[in-house]
Amino acid sequence: SQTIHQWPATLVQPVGSPLSLECTVEGTSNPNLYWYRQAAGRGLQLLFYSVGIGQISSEVPQNLSASRPQDRQFILSSKKLLLSDSGFYLCAWSRAGGNSPLHFGNGTRLTVT
Amino acid sequence: DQQVKQNSPSLSVQEGRISILNCDYTNSMFDYFLWYKKYPAEGPTFLISISSIKDKNEDGRFTVFLNKSAKHLSLHIVPSQPGDSAVYFCAARGNSGGSNYKLTFGKGTLLTVNP
């Protein structure tokens, strides 16, 4: 069966510090990978998605970047965090092609102070 | 522009009764719809989906209905159980080139099932 791991579960970082959140998927190959953010009182906003190694599509301009160094690894980064980067970050995967649901990790609660 | 709307932020239901969660969408290119359930501090869990070629899909206590002409879908939970208390998100996917991979989510409805 497929599993998705996302860490850390919670993170408190000062403004201006760097960020690295990691996500790995097991039990499948060549998945589509996604980073979503849920801000307080809002729905889930797609930040980045990737259909293959090194292929990253950005949905919204922001202070964040994503990378996919390996087939089942997806990393969300920032060089300098802003207060507005606080939120609940979710990694997800889906099978490539066709109608298949996204499966989410347990998320990272990021608080920028 | 909010393309997927869940107009009820919350819903309260008695245990054993039916819960009906509603969702409206505006983009006619959406052709695949999903419902997710989310507990606090956890990621959303996939519940059930429906493609636009169907108008109903059932899985145990969960049934999703799709009305394409009204651009409306609903999730029915029968019978409702206290463990169903969570935030429910409606999501939709388009079928136009690069948007084929992306889900657009509503803001969610908090369901509370009272014992």
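The figures here come from the full heavy-atom set of this structure, side chains too, leaving out hydrogens, waters and symmetry mates. First the proteins, then the strands, lettered A, B, ... as listed; each starts at 1. Predicted model, so just to flag it, every value in this text is computed and none were measured.
Interface remark: Ala41(B) contributes backbone atoms only to the contact with chain A (heavy atom separation under 4.5 Å). With a 4.5 angstrom heavy-atom cutoff, Tyr36(B) touches chain A only via side-chain atoms. For Leu90(A), the part sitting under 4.5 Å from any heavy atom of chain B is the side chain, from C-beta outward, and nothing else.
In the displayed structure, Arg17(B) atom CZ is contacted under 6.0 Å by at most 12 heavy atoms of other residues, nucleotides or ligands.
If you tally non-hydrogen atom pairs under 4.5 Å between each of Ser57(A), Ser100(A), Gly105(A) and chain B, the highest count goes to Ser100(A).
Ring orientation note: the planes of Phe104(A) and Phe105(B) are nearly perpendicular, at an angle over 60° on the 30°/60° scale.
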### Query
So Asn114(B) and Ser12(B), side-chain hydrogen bond (donor to acceptor under 3.5 Å, both in side chains) or not? Walk me through it.
CA-CA 7 Å; Asn114(B) 301 303; Ser12(B) 185; 2.8 Å; yes
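Exactly one of Gln6(A), Arg109(A), Arg37(A) qualifies for a side-chain hydrogen bond (donor to acceptor under 3.5 Å, both in side chains) with Tyr89(A). That residue is Arg37(A).
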